[in-house]
Amino acid sequence: MPENDVLQGLNPKQVEAVRYMGGPLLILAGAGSGKTTVLTRRVAYLISQGVPPGSILAITFTNKAAKELKTRIEAFLGERASGVWAMTFHSACARILRAELPGLGRSGRFTIMDSDDQVKLMRKVLKELDLSDKQYPPSGVLKAISRAKDNLMGPREYAKRAVTFYETKVHQAYELYQRKLRELDGMDFDDLIMETVMMFRSNPQVLAKYQRKFAHILVDEYQDTNRAQYELTKLLAAAHRNIAVVGDDDQSIYTFRGADISNILEFEDDYPECRVVKLEQNYRSTQVILDGAFHVVSNNIRRKDKRLWTVQEGGAPITLYAAQSGEDEARFVAGEIDNLASQVPLSSIAILYRTNAQSRIYEDALRNRGIPYSVLSGRRFYDRKHIKDAACYLRLVVNPRDVVAFERIVNEPARGLGPAAVRKIVGHAAVSGIDLVQALSSAKDIKGLTGPQKREAEKLGNTISGIALKALEQPAHIMLKDVLEMTGYLPYLEAQGTTELERIDDLRELIVSARVFAEAGGTTQEFVELLALVSDQDTYDETKDACVMGTLHSAKGLEFDVVFLVGMEEGLLPHIRSMDDEYQLEEERRLLYVGMTRAKRLLYLTFSWSREMSMGLGRSTVSRFISEIPRELLDVKTWED
DNA sequence: CTGGAGCGTCTTTTT
DNA sequence: GACGCTCCAG
């Protein structure tokens with residue numbers, strides 16, 4: 001491919017970011033400055049310069065971003081792009097671990113535990129340690145552990161830092177939690193990163209292999225990397241220092257997940273020889289929108305100095321709507337969308353809010369007006385009970401030691417195997433040194449089970465091991481269908497009649513996606529991994545004729561002609577739990593900045609003077625951030641107009 | 001011991 | 001709406 005094609009249509013700064021080959025590169029890419037284009041072109045450029053595709057690692061945070069990057073690279077390069085590793089931190093690490101752990105005497109078939117599984121496991125841990133989950137809420141303990149893992153602290157390192165009584169208890173829980181994870185051959189999200197770093201650190205020959213393999217590393221959304229991810233990229237780039245990171249400190253919105261904004265602020269200290277390229281020309285929004293967003297975010301202290309500009313002078317003012325009630329606010333938004341629908345495609349209109357719980361009232365309002373919508377909710381589909389059940393059946397087929405999956409499905413549908421029977425079966429497996437499926441199959445040897453329980457357990461065990469035996473030759477969708485049919489799960493739902501039709505449809509949909517996945521060459525184990533790592537937004541279809549709603553977080557990387565930022569109130573944005581900490585407050589401000597910069601042409605900010613709270617109606621006040629927007633950019637409306 | 005009914009709790013953001 | 005917990009009938 002001629003170099004001109006790769007550089008076509010780029011501005012001088014973008015060209016510089018694409019072509020610079022002299023080592024570490026920091027690309028400060030403001031919102032709407034063509035970040036993905038630069039990443040895509042850079043990969044294409046590297047390949048056009050003779051770099052083998054297989055030696056390029058392009059890391060993103062979300063599957064959606066990875067997918068987009070991949071499609072765009074493919075659109076540019078066709079077949080030649082296929083060897084590029086364009087994936088998320090988590091899937092890249094899972095892939096490396098699965099390949100390398102077996103050589104180090106450990107299992108490469110681990111199951112990935114999602115947050116739901118983690119809570120279940122932690123409940124068991126706390127029970128065993130005799131800690132009340134009132135004083136030690138599982139989610140809180142898990143958060144502390146997650147933070148430790150983000151900072152590459154295993155249980156032992158954590159113990160050294162544990163000073164308070166609470167922390168010593170967390171340490172105990174951490175230790176037992178890790179032991180249980182190891183026993184059931186599972187890893188949580190944070191383990192994937194931490195274990196990879198640990199493996200690299202203690203096995204220099206493995207690290208060297210990947211340093212040689214990945215001669216060029218690109219990291220997207222660098223401002224969102226945590227310590228472990230930072231360390232991972234640093235290790236991989238240590239030998240050749242060909243690391244290009246793209247990010248925007250103003251769009252760092254994941255510190256709650258351990259992201260450390262100093263990774264980007266201090267990149268120049270880590271790599272003193274690095275080149276810095278600032279992309280400040282915005283191709284998305286009007287100047288009015290950019291000015292509004294700038295005036296908000298420039299109140300932050302911890303940020304790099306920069307300001308976006310555009311050739312699109314002026315633009316319509318930002319509408320600020322003061323509503324009487326939450327319902328009134330939603331009605332206003334739905335009404336505006338109805339009016340706008342004749343001018344812009346519905347799919348280019350978005351409603352963004354701080355918390356998922358806020359979606360309901362807008363769903364109702366849009367439904368009332370007959371406006372189609374789709375919700376960018378975190379993981380709604382994959383979180384539905386029956387989808388998780390199905391995933392757990394499949395998990396048990398792939399990993400017969402997965403006790404979390406086992407306990408979830410062993411009595412679903414009811415097989416007369418209650419908690420007491422489950423304890424006996426799990427105990428039997430532990431004592432005899434066999435896995436859980438084998439324990440089921442040999443249930444007749446377990447003392448204390450009743451005759452019917454033994455028969456049911458044995459039947460279930462034989463069914464699952466029978467399916468597992470065919471694992472190598474059967475595609476994922478056949479295995480999924482078999483396991484759901486033969487264990488009686490699907491027949492049970494079908495017998496419930498009309499009440500369960502929706503669930504059955506969901507399961508059919510899951511089987512279809514398994515088929516699509518299998519036809520693309522994926523294995524069952526990979527499908528199981530996908531179910532843990534993928535979320536709903538990854539399947540968001542932007543061509544569908546429907547307006548979009550989602551959290552501010554889920555809107556990152558998207559753009560719309562018209563954006564409604566709703567619930568602009570103290571307690572919602574900034575969120576009540578972020579209001580008394582100055583760092584968290586800055587993050588809330590960045591969140592608003594991200595939301596505002598999603599809009600191309602029209603931006604609405606709405607709030608209500610009263611709102612239905614968990615305990616009755618409450619009075620609310622307008623968000624402090626509104627006063628940071630210059631008055632002349634606003635067109636204020638109220639319900640009385 | 002199991003399964004079902006009923007009750008309270010929870011939802012900040014996500015891989 | 002899902003989940004955990006408690007209580008009670010079988």
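Proteins come first, then strands; the chains are lettered A, B, ... in the order of their sequence lines, and each starts at number 1.
When rounded to the nearest whole Å, the span between CG of Leu352(A) and P of dT12(B) equals 19 Å. Taking atom CD1 on Ile425(A) and atom P on dT2(B), their separation rounds to 10 Å, with Å as the unit. Atom P of nucleotide dT14(B) and atom CG of Leu533(A) are separated by 16 Å, given to the nearest angstrom. One atom, CD of Gln358(A), and another, P of dT13(B), lie 9 Å apart when rounded to the nearest Å.
Residues Tyr373(A) and Glu363(A) have side chains that bring a donor and an acceptor to within less than 3.5 angstrom of each other. Neither side chain, Thr551(A) nor Asn356(A), offers a donor N or O lying under 3.5 Å from an acceptor on the other.
As judged by a 4.0 angstrom heavy-atom cut-off over every strand, Lys120(A) is placed among residues touching the sugar-phosphate backbone only. Tyr254(A) comes within 4.0 angstrom of the backbone, heavy atoms only, and of no base.
Nucleotides dC5(C) and dT11(B) have their P atoms positioned 14 Å apart, rounded to a whole Å.
Of the candidate nucleotides dC3(C), dT12(B), dC1(B), dC3(C) has the atom lying nearest to any side-chain atom of Arg408(A).
In this structure, the ring of Phe564(A) has its center no less than 6.0 angstrom from the ring center of Tyr353(A).
At least one side-chain nitrogen or oxygen of Thr551(A) sits closer than 4.0 Å to the OP1 or OP2 atom of dT14(B). At the phosphate of dG3(B), OP1 or OP2 sits under 4.0 Å from a side-chain N or O atom of Asn411(A). Residue Arg503(A) places no side-chain N or O under 4.0 Å from the OP1 or OP2 atom of dG1(C). OP1 and OP2 of dC1(B) both lie 4.0 Å or more from every side-chain N or O belonging to Gln453(A). OP1 or OP2 of dT12(B) lies within a sub-4.0 Å distance of a side-chain N or O belonging to Arg577(A). Within the 4.0 Å cut-off from OP1 or OP2 of dT15(B), not a single side-chain nitrogen or oxygen of Asn63(A) is found. The shortest distance between the side-chain N/O atoms of Asn356(A) and the OP1/OP2 oxygens of dT14(B) is below 4.0 Å.
Under the 4.5 Å side-chain criterion, counting only non-hydrogen atoms from C-beta, Arg395(A) is in contact with Met113(A).
For the pair Ala420(A) and Asp190(A), nearest-nucleotide mapping onto DNA chain B gives the more 5' position to Ala420(A). DNA chain B is contacted by both Ser578(A) and Gly416(A); Gly416(A) maps to the nucleotide lying nearer its 5′ end (nearest heavy atom per residue).
Among Phe189(A), Tyr254(A), Phe89(A), Tyr222(A), the one residue that satisfies the ring pair (Phe, Tyr, Trp, His ring centres under 6.0 Å) test with Phe61(A) is Phe89(A).
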